Amino acid sequence: QKEVEQNSGPLSVPEGAIASLNCTYSDRGSQSFFWYRQYSGKSPELIMSIYSNGDKEDGRFTAQLNKASQYVSLLIRDSQPSDSATYLCAEGLGYGGSQGNLIFGKGTKLSVKP
Amino acid sequence: EAQVTQNPRYLITVTGKKLTVTCSQNMNHEYMSWYRQDPGLGLRQIYYSMNVEVTDKGDVPEGYKVSRKEKRNFPLILESPSPNQTSLYFCASSFRTGYEQYFGPGTRLTVT
């Protein structure tokens with residue numbers, strides 16, 4: 001059973017701090033990884049995609065991928081109250097065919113306190 | 001504007017009354033999918049389509065039907081809704097399987 005595991009939280013950080021969100025996955029064949037942000041009652045919004053080992057930075061967000069450890073993380077620098085949301089990690093198992101469906105974790109709830 | 005649209009956004013209905021939730025995307029994406037989201041259970045895939053006329057079951061297909069007659073549209077059909085189908089439903093699309101998916105705004109369905 002292919003799985004993506006996330007700590008459900010809540011993860012509480014003070015405004016201006018770095019929030020660190022983590023995700024582990026079970027399938028070594030996974031090739032693509034995504035982080036989504038979801039506000040309560042709203043749809044998931046893509047914030048980062050990462051395909052290669054290492055770090056990928058986009059503004060205040062940095063995604064880190066370690067395929068050997070089957071681990072992907074998201075760092076949010078200078079956290080703002082508007083970052084308070086649930087963050088979903090997803091893995092793509094390949095390109096093409098049914099194995100290419102994304103597998104989503106259940107999400108980590110982040111709370112940024114002013 | 002590139003987007004996925006769903007209609008209706010909110011729907012309250014009664015057990016057994018057939019309904020259709022529409023989904024449309026204007027990004028020429030091959031792949032489309034339906035999910036339901038319930039508290040504590042995360043996103044669960046109902047059905048997906050890798051291209052026109054190609055659909056397949058996801059993890060929770062019972063009680064649902066889909067069709068993909070055109071590339072841009074992927075309606076979700078509930079032939080005889082039951083209260084356990086009360087949920088928040090999302091349609092999503094992507095360039096191809098395995099790539100990032102873009103979600104519609106969601107449809108909140110209540111079946112009484």
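This one's a predicted model, so the numbers in the text were calculated from it and none came from an experiment. Values below: every heavy atom of this structure, side chains too, minus hydrogens, waters and symmetry copies. A note on names: the letters A, B, ... follow the listed sequences, proteins ahead of strands, and every chain is numbered from 1.
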Next on the checklist: I'd like to know whether A:Phe34 forms a side-chain contact (heavy atoms from CB on, under 4.5 Å) with B:Gln101, so could you lay out the CA-CA distance, the side-chain angles of the two residues, the decisive distance to 0.1 Å, and finally the verdict.
Outcome noted: CA-CA 9 Å; A:Phe34 310 96; B:Gln101 293 183 12; over 6 Å; no
If you group Ile, Leu, Val, Met, Phe, Trp and Tyr by side-chain heavy-atom gaps below 4.5 Å, do [X] and [Y] land in one group?
{"X": "B:Leu76", "Y": "B:Met50", "value": "no"}
{"X": "A:Tyr39", "Y": "B:Leu43", "value": "no"}
{"X": "A:Leu75", "Y": "A:Val72", "value": "no"}
{"X": "B:Tyr64", "Y": "B:Met32", "value": "yes"}
{"X": "B:Val52", "Y": "B:Phe74", "value": "no"}

Item to check | Passing option when A:Ser43 is tested against B:Tyr102, B:Phe103, B:Tyr35 for side chain to side chain contact (heavy atoms under 4.5 Å, CB included) | outcome: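 That would be B:Phe103.
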Checklist entry - Under a 4.5 Å heavy-atom cut-off, does chain B meet the side chain of A:Leu88, its backbone, both or neither? => result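 For A:Leu88, side-chain heavy atoms alone lie under 4.5 Å from chain B.
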Checklist entry - Which atoms of A:Glu45 come close to chain B, meaning under 4.5 Å heavy atom to heavy atom: side chain ones, backbone ones, both, or neither? => result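 Looking at A:Glu45, nothing touches chain B.
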Next on the checklist: With a sphere of 6.0 Å drawn around NZ of A:Lys67, does it hold more than 12 non-hydrogen atoms of other residues, nucleotides or ligands?
Outcome noted: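 Enclosed.
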Item to check | B:Ile12 atom CD1, over 12 foreign heavy atoms within 6.0 Å | outcome: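 At most 12 heavy atoms, drawn from other residues, nucleotides or ligands, come within 6.0 Å of this atom.
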Checklist entry - Judged by atom type as modelled, is there a donor-acceptor pair below 3.5 Å linking the side chain of A:Ser32 to the main-chain atoms of B:Tyr99? => result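 Answer holds: no.
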Item to check | Minimum-distance pair of heavy atoms, taken over all atoms of A:Tyr36 and B:Glu100 | outcome: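 In terms of heavy atoms, the two residues are closest at OH-C, 4.0 Å.
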Item to check | Considering all heavy atoms, the nearest A:Lys42-B:Phe90 contact | outcome: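 In terms of heavy atoms, the two residues are closest at O-CZ, 3.5 Å.
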Next on the checklist: To the closest 0.5 Å, what do you measure between CG (A:Leu102) and OG (B:Ser33)?
Outcome noted: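 So the gap between those two atoms works out to 8.5 Å.
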Item to check | Rounded distance (nearest 0.5 Å) linking atom OH of B:Tyr31 with atom CG of A:Asn101 | outcome: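 Interatomic distance, B:Tyr31 OH to A:Asn101 CG, rounded to 0.5 Å: 3.5 Å.
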Item to check | Interface moiety of B:Gln37 toward chain A, non-hydrogen atoms closer than 4.5 Å | outcome: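 Side chain of B:Gln37 only, per the 4.5 Å heavy-atom cut-off to chain A.
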Item to check | Which atoms of B:Arg108 approach chain A - backbone, side chain, both or neither, heavy atom under 4.5 Å | outcome: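 The answer is the side chain of B:Arg108.
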